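Worksheet: one structure, shown below.
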Amino acid sequence: MSNKIRHAGVIEAITEDCVRVKIMQTSACSACKLASHCSASEQKEKVVEVFDTHAADGRHVGDNVVVSTSLSTGMKAVMVGFVLPFAVMVATLVLVLQFTGNEALAALSGLASLVPCYLVIWLMRDKLRGKFSFVIE
């Protein structure tokens, strides 16, 4: 098993400090012959920003490239983006339910707890950008 997450893509834009690469994210069954008739298969277009001073060396808009990151970086990103907010929501739900006994208030409080959680993640985006980065191979 590889320790890298790789995606093939096309360079969309190049600036001084960033290369934007458009990748096509597909579901596992999108290659099936019946994929066009099935709602389970999907294909999404994503844009990955590569913040590397040497990423644009010798490359041009429209070039095919492969972007990659380590598996551990991907797991950390999932933890920050999904697991941590889920844990905050569940903890809020349990605490409010424990103290008030009101299920509706607990459910609304749990959902409302996601707002500050994702706001903090958004405010820390520049710091997180350095930790969760892609490279062009």
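Note that the coordinates shown come from a computational prediction; the quantities given were computed from them, not determined experimentally.
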(request) Calculate, to the nearest 0.5 Å, the distance between atoms CE and CZ belonging to M89 and F86 respectively. (result) 5.0 Å
(request) Check whether V67 and I14 end up in the same hydrophobic cluster, where Ile, Leu, Val, Met, Phe, Trp and Tyr are linked by side-chain heavy atoms less than 4.5 Å apart. (result) yes
(request) Decide whether V48 and I11 are clustered together by the hydrophobic rule: side chain heavy atoms of Ile, Leu, Val, Met, Phe, Trp, Tyr closer than 4.5 Å, transitively. (result) yes
Side-chain donor-acceptor distances from residues 102-119 under 3.5 Å, at least two apart:
unit_1: N102; atom_1: OD1; unit_2: A104; atom_2: N; d: 3.1
unit_1: N102; atom_1: OD1; unit_2: L105; atom_2: N; d: 3.3
unit_1: S109; atom_1: OG; unit_2: L105; atom_2: O; d: 2.8
unit_1: S113; atom_1: OG; unit_2: G110; atom_2: O; d: 2.6
unit_1: Y118; atom_1: OH; unit_2: G81; atom_2: O; d: 2.7

(request) Please report the C-alpha distance between V21 and V10 in whole Å, then the side-chain angles of each, then the deciding distance to 0.1 Å, and finally whether the side-chain contact (heavy atoms from CB on, under 4.5 Å) criterion is met. (result) CA-CA 5 Å; V21 179; V10 177; 5.9 Å; no
(request) Go through the steps to decide whether K46 and K22 satisfy the test side-chain contact (heavy atoms from CB on, under 4.5 Å), and finish with yes or no. (result) CA-CA 6 Å; K46 305 276 184 174; K22 180 173 44 173; over 6 Å; no
(message) Distance check, rounded to the nearest 0.5 Å: T73 atom OG1 versus K4 atom NZ?
(response) 8.5 Å
(message) Any side-chain to backbone donor/acceptor pair from T100 onto V96? Under 3.5 Å, distance only.
(response) yes
(request) With sequence neighbours left out, write down each residue that passes side-chain contact (heavy atoms from CB on, under 4.5 Å) with L128, or none if nothing qualifies. (result) V80, I121, M124, F132
(request) Evaluate side-chain contact (heavy atoms from CB on, under 4.5 Å) for E49 paired with V19, printing each intermediate quantity in order. (result) CA-CA 6 Å; E49 294 179 339; V19 176; over 6 Å; no
(message) Before you tell me yes or no, could you show the steps for V61 and E12 under side-chain contact (heavy atoms from CB on, under 4.5 Å), namely the whole-Å CA-CA distance, both residues' side-chain angles and the distance that decides it to 0.1 Å?
(response) CA-CA 6 Å; V61 174; E12 186 177 76; 5.9 Å; no
(message) With a 4.5 Å cut-off on side-chain heavy-atom distances among I, L, V, M, F, W and Y, is there a chain of contacts connecting V50 to V66?
(response) no
(message) Would you compute the distance between atom OG1 of T69 and atom CE of M75 and round it to the nearest 0.5 angstrom?
(response) 12.0 Å
(message) Using 0.5 Å steps for rounding, measure from the CG atom of N3 to the OG atom of S68.
(response) 11.5 Å
(request) Please answer: with hydrophobic residues joined when any side-chain heavy atoms are less than 4.5 Å apart, are M79 and V88 in the same cluster? (result) no
(message) If I compare all heavy atoms of D63 with all of H60, which pair ends up nearest, and what's the gap?
(response) OD2-N, 2.8 Å
